[in-house]
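Hydrogens, waters and symmetry mates are skipped; everything else that's a heavy atom, side chains included, is used.
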Amino acid sequence: MRLATWNVNSLGARLPRVLAWLAEAQPDVLCLQETKMADGAFPAEAFAELGYEATHHGQGQWNGVAIVSRLGLAEVQRHFGGTLDAAGARLLAARCGSVLVHSVYVPNGREVGSEHFVEKLRFLAELRSHLERSTSPEDLVCVCGDMNVAPEDRDVWDPAALAGATHVSPEERQALQAVLDWGLVDALRAFTPAAGVHSWWDYRGGAFHKRQGMRIDLVLLSRPLAERCRLALVDRNERKGERPSDHAPVLVDLALDELGPSG
DNA sequence: ATGGTTGCGAAGCAA
């Protein structure tokens with residue numbers, strides 16, 4: 001099973017690129033964030049033409065998440081209560097084949113200490129609570145998306161330059177770690193210990209070409225899935241060319257064949 | 001140097 005996540009920064013603006021990438025990268029499941037569209041505008045037919053079912057949780061101008069799957073979609077959940085709903089259309093879950101997939105767009109937080117920052121910490125805390133209530137770390141569970149937190153200093157281009165900024169504060173990292181501590185593994189870090197692997201680069205100032213980015217888009221796998229993960233990468237080529245998103249897709253390959261028919 | 005760029009939507013906000 002090939003699974004990917006991509007903050008597309010408007011699916012309306014990015015649809016041609018997303019469709020081309022689906023055809024090229026051939027993921028079985030693609031989680032999208034920041035679709036920035038209402039459910040009525042979601043281009044389900046375009047995905048269907050490529051053999052994918054899709055489910056979308058949108059609100060219009062901001063946020064919006066989707067799961068696109070050619071392994072089927074079951075048990076779709078788009079309402080989770082509390083901050084997970086109040087913060088906007090930021091979370092969507094569905095079973096794709098044997099895997100319970102979550103597409104997440106964690107609030108940005110804006111400024112450390114702001115009300116938006118508090119909401120971000122609460123969102124992450126409630127995400128962990130939702131996992132506790134709804135499933136088990138012994139099951140095949142994936143939580144992926146734009147976490148808007150760089151887990152460690154090696155995940156940002158220059159920790160000193162970002163001191164005091166959002167995405168790297170101890171509070172945010174602890175809140176993300178609490179999600180991981182439920183029983184999830186950061187897939188890319190299981191393969192790539194080095195610094196310099198990023199998934200987001202500011203549009204401004206040529207940040208991408210200066211390699212001034214952060215790794216904030218994560219694929220988090222429960223242990224049974226992490227044990228079967230054979231590849232994890234950021235497709236940074238998707239940050240190049242005409243009208244890119246400011247995020248690149250993150251992709252993993254999971255060897256689920258040995259699980260039998262349900263895999 | 002509070003800059004710079006993109007998207008939405010039609011000015012300013014969010015990221």
Holding to side chain to side chain contact (heavy atoms under 4.5 Å, CB included), I want the full list of residues that pass it with [X], two or more places apart in sequence or in another chain.
X      : answer
A:L15  : A:L11, A:L19, A:P43, A:A46, A:F47
A:H79  : A:H57, A:D85
A:P224 : A:L140, A:S222, A:R228

5′-ward residue of the pair A:R243/A:H116 relative to DNA chain B: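 This one resolves to A:R243.
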Nearest-nucleotide comparison on DNA chain B, the residue closer to the 5′ end among A:D246 and A:N9: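 That would be A:N9.
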Remaining members of the apolar cluster that contains A:F117, side-chain heavy atoms under 4.5 Å: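 ILVMFWY cluster around A:F117 also holds A:V112, A:L121.
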On a whole-Å scale, what distance lies between the [atom1] atoms belonging to [N] and [M]?
N      : M      : atom1 : answer
B:dG3  : B:dA15 : C1'   : 16 Å
B:dG9  : B:dA14 : P     : 14 Å
B:dA11 : B:dG7  : C1'   : 14 Å

Ring centre gap for A:W157 and A:W201 strictly below 6.0 Å: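 No - the distance between ring centres of A:W157 and A:W201 does not fall below the 6.0 Å cut-off.
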Presence of salt bridge, A:R2 and A:D253, under 4.0 angstrom: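 Salt bridge: yes.
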Contacts of [X] that satisfy side-chain hydrogen bond (donor to acceptor under 3.5 Å, both in side chains) - sequence neighbours left out:
X      : value
A:T55  : A:R78
A:Q77  : none
A:R239 : none
A:N148 : A:H167

Outermost DNA chain B nucleotides near chain A [under 4.0 Å, heavy atoms]: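 Boundary nucleotides touching chain A, in 5' to 3' order, are B:dG4 to B:dA15.
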Strand contacts (DNA chain B) in residues 200-211 of chain A, 4.0 angstrom heavy-atom criterion: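 The answer is A:Y203, A:R204.
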Residues within residues 57-67 of chain A bordering DNA chain B, heavy-atom distance below 4.0 Å: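 Nucleic-acid contacts, sorted: A:Q61, A:W62.
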Pairs touching residues 23-34 of chain A that satisfy side-chain hydrogen bond (donor to acceptor under 3.5 Å, both in side chains), sequence neighbours left out: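 Found A:T5-A:Q33, A:N7-A:E34, A:Q26-A:R70, A:D28-A:R70, A:Q33-A:S103, A:E34-A:Y105.
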